[in-house]
Amino acid sequence: QVQLVESGGGLVQAGGSLRLSCAASGRTFSSYIMGWFRQAPGKEREFVAAISWNGASTYYGDSVKGRFTISRDNAKNTVYLRMNSLKPEDTAVYYCAADRSGVLGPLARAEGRYDYWGQGTQVTVSS
């Protein structure tokens, strides 16, 4: 079992930045694909970003490409999401997730690929 705990959410003005963190338990963190998703009120959960086990490869959702950066520190069992140039439409609950398959590809965008989920952290961007 892997437990994921997100932190770093909050209220920020449009144009501002936040960095989310996701701390994972377990010794196999370094073998997992890690992803970030978000869900705004009344909307479906949306893929944000994913990163390979060694950080060498990343995928981003179209709406965040160029503004958000996913990274990981396997020594700290932590994955990060740096969010710049935030917009009101980025307001959502952000979730991190872990995929045991260890294979990063286009299917990283699919929720069903992920085996473990955090409880989420709220990000609110005011206009």
Please list all pairs passing the salt bridge (charged side-chain N to carboxylate O under 4.0 Å, His left out) test where one or both residues lie in [range], with sequence neighbours left out.
{"range": "residues 48-61", "value": "none"}
{"range": "residues 95-107", "value": "Asp99-Arg113, Arg100-Asp115"}
{"range": "residues 117-127", "value": "none"}

In one Ile/Leu/Val/Met/Phe/Trp/Tyr side-chain cluster, 4.5 Å: [X], [Y]:
{"X": "Leu104", "Y": "Val2", "value": "no"}
{"X": "Val93", "Y": "Tyr114", "value": "yes"}
{"X": "Val79", "Y": "Trp53", "value": "no"}
{"X": "Tyr59", "Y": "Trp117", "value": "yes"}
{"X": "Leu81", "Y": "Leu86", "value": "yes"}

Taking distance alone, no hydrogens or angles, what donor-acceptor pairs closer than 3.5 Å link side-chain atoms of residues 18-26 to residues at least two apart or in another chain?
from: Ser25; atom 1: OG; to: Gln3; atom 2: N; distance (Å): 2.9

Supply the atom-to-atom distance Ser127 OG to Glu89 CD, rounded to the nearest 0.5 angstrom. 10.0 Å
Taken to the nearest 0.5 Å, the spacing of Tyr94 OH from Ser7 OG works out to 15.0 Å
Which residue pairs satisfy the disulfide bond (SG atoms under 2.5 Å apart) criterion with at least one member in residues 97-127, sequence neighbours excluded? none
For [X], give me all partners under side-chain hydrogen bond (donor to acceptor under 3.5 Å, both in side chains), at least two apart in sequence or on another chain.
{"X": "Arg72", "result": "Asn74"}
{"X": "Arg82", "result": "Asn84"}
{"X": "Ser31", "result": "none"}

For the pair Tyr60 (side chain) and Ile70 (backbone), establish whether a donor and an acceptor sit closer than 3.5 Å, ignoring hydrogens and angles. yes
Connected-component partners of Val5 among ILVMFWY, side-chain separation under 4.5 Å: none
Distance-only check: which donor-acceptor pairs under 3.5 Å involve side-chain atoms of residues 43-52, not counting sequence neighbours?
from: Glu46; atom 1: OE1; to: Arg38; atom 2: NE; distance (Å): 2.8
from: Glu46; atom 1: OE1; to: Arg38; atom 2: NH2; distance (Å): 3.3
from: Glu46; atom 1: OE2; to: Ser63; atom 2: OG; distance (Å): 3.0
from: Ser52; atom 1: OG; to: Asn54; atom 2: OD1; distance (Å): 3.0
from: Ser52; atom 1: OG; to: Gly55; atom 2: N; distance (Å): 3.4
from: Ser52; atom 1: OG; to: Ala56; atom 2: N; distance (Å): 3.2
from: Ser52; atom 1: OG; to: Ser57; atom 2: N; distance (Å): 3.0
from: Ser52; atom 1: OG; to: Ser57; atom 2: O; distance (Å): 3.4

For Arg67, give me all partners under side-chain contact (heavy atoms from CB on, under 4.5 Å), at least two apart in sequence or on another chain. Val64, Ser85, Lys87, Asp90
Which residues share a side-chain contact (heavy atoms from CB on, under 4.5 Å) with Ala14, sequence neighbours left out: Pro88, Val125
Least distance between heavy atoms, Gly120 atom then Glu6 atom: N-OE1, 2.9 Å
Heavy-atom side-chain proximity of Leu4 to Tyr95 below 4.5 angstrom: no
Residues Tyr116, Tyr32; criterion side chain to side chain contact (heavy atoms under 4.5 Å, CB included); working and verdict: CA-CA 10 Å; Tyr116 305 104; Tyr32 294 164; 4.1 Å; yes
